[in-house]
Amino acid sequence: HRFVLSIVGLCIKDDDAVPRLGMVTEYANSGTLQSYICAVRAGSSPAAPRTELLWLSQIAFGLAQIHASALVHLDIKPDNIFLVAAEHAIEVRIGDFGSAVDLVAALPQLGMASELASPGYVSASLSYCAPEVFMDLSSLTPAADVFSLAIVGFELVSKATGLEYRARRENIYVMPDWSLIDAVKL
């Protein structure tokens, strides 16, 4: 899919005791969404609001394709959204599927695997995880990625940090300070 990082090759690293499989992906020649947000926080000029909203829609389209393939990414965050200079603009690519779950293959097993279904077992960035990921992986749906996308959207538009993991872990859900977002003019 256009908004998912393309795999261009595979490699095996076998110089360790345990061989590891690696993927070679297309080159993200414009960094990550996280590097963009940090640069703007440090004083660089931001992209036009229309461009940032376009990036969010591209992430949503990429997620729709991922979900249509019965996958949940589980690690949507600015570090895993790559920026690629296309013909006339910068586009996004979703990458890093190391935490992804295949719903067709995994859901029947999630309820039986106590180490996966127990609260707190997550191999993703906790500040971006939906509440159900902390509580009960057996009820996992693509909505978990949509929750993460909302936090990414908040951070992209406001350049502030979204929901804090510590507060959510303690079941104290702290909403972001929405006043940081000015009215977006298209």
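Note that this is a predicted model, so its numbers are computed, not measured. Nothing fancy with the numbering, it's 1 onward along the sequence.
- The two residues Ile90 and Trp55 have their closest heavy-atom pair at O-NE1, 3.0 Å.
- Expressed to the nearest 0.5 Å, how far CG of Asp96 lies from CE of Met23 amounts to 8.0 Å.
- Leu5 has its side chain out of reach of Ile94: every pair of non-hydrogen atoms, C-beta onward, lies at least 4.5 Å apart.
- Interatomic distance, Ser158 OG to Arg41 CZ, rounded to the nearest 0.5 Å: 7.5 Å.
- Both Leu149 and Val157 are assigned to one and the same hydrophobic cluster, defined by single-linkage of ILVMFWY side chains at heavy-atom distances under 4.5 Å.
- Using a distance-only test at 3.5 Å, with no hydrogens or angles considered, no donor-acceptor pair links the side chain of Asp75 to the main chain of Ser99.
- Side-chain contact check for Thr25 versus Arg93: every heavy-atom pair is 4.5 Å or farther apart.
- The heavy-atom pair separating Val40 from Ser45 by the smallest distance is CG2-O, 4.2 Å.
- Heavy atoms from other residues, nucleotides or ligands lying under 6.0 Å from CZ of Phe61 number 12 at most.
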*Walk me through it: do Val84 and Asn29 pass the test side chain to side chain contact (heavy atoms under 4.5 Å, CB included)?*
CA-CA 5 Å; Val84 176; Asn29 55 9; 4.0 Å; yes

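- Under a hydrophobic clustering in which Ile, Leu, Val, Met, Phe, Trp and Tyr are joined whenever their side-chain heavy atoms come within less than 4.5 Å, directly or via other members, Phe3 and Leu54 fall into different clusters.
- At least one donor-acceptor pair closer than 3.5 Å links the side chain of Glu26 to the backbone N or O of Ser6.
- Among all heavy-atom pairs drawn from His73 and Asp145, the shortest one is N-OD2, 2.7 Å.
- Residue pairs that meet the salt bridge (Lys or Arg N to Asp or Glu O under 4.0 Å) test with at least one member in residues 51-70, sequence neighbours left out, are Glu52-Lys159.
- A donor-acceptor pair is defined here as one N or O able to donate and one able to accept, closer than 3.5 Å; such a pair exists between the side chain of Gln58 and the backbone of Val92.
- Taking the side chain as every heavy atom from C-beta outward, Leu156 and Ile81 never approach each other to under 4.5 Å.
- Taking a 4.5 Å side-chain heavy-atom cut-off between Ile, Leu, Val, Met, Phe, Trp and Tyr, the cluster of Tyr27 contains only that residue.
- In this structure the side chain of Pro46 reaches within 4.5 angstrom of the side chain of Tyr36, judged on heavy atoms.
- A donor-acceptor pair is defined here as one N or O able to donate and one able to accept, closer than 3.5 Å; such a pair exists between the side chain of Thr32 and the backbone of Gln34.
- When the shell of 6.0 Å around CD1 of Ile12 is examined, it contains 12 or fewer heavy atoms from other residues, nucleotides or ligands.
- Within the structure, every pair that satisfies the salt bridge (Lys or Arg N to Asp or Glu O under 4.0 Å) test and touches residues 4-13, not counting sequence neighbours, is listed here: Lys13-Asp16.
- Taking both residues in full, the closest heavy atoms of Pro78 and Val152 are given as CD-CG2, 3.8 Å, listed atom of the first, atom of the second, then distance.
- For the atom pair Asp79 CG and Cys38 SG, the distance stands at 8.0 Å (nearest 0.5 Å).
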*asked:* Assess the residue pair Val146 and Leu63 against the criterion (side chain to side chain contact (heavy atoms under 4.5 Å, CB included)); give the C-alpha distance rounded to whole Å, side-chain angles, the decisive distance to 0.1 Å, and a yes or no.
replied: CA-CA 8 Å; Val146 175; Leu63 281 176; 5.6 Å; no

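- Separation of atoms CG (Asp14) and CZ (Arg20) is listed at 11.5 Å; rounding is to 0.5 Å.
- When all heavy atoms of Ala85 and Ser30 are compared, the pair lying nearest together is N-OG, 3.7 Å.
- Closest heavy-atom contact between Ala28 and Phe82: CB-CB, 3.6 Å.
- There is a path of hydrophobic side-chain contacts, each under 4.5 Å, that joins Phe97 to Leu33.
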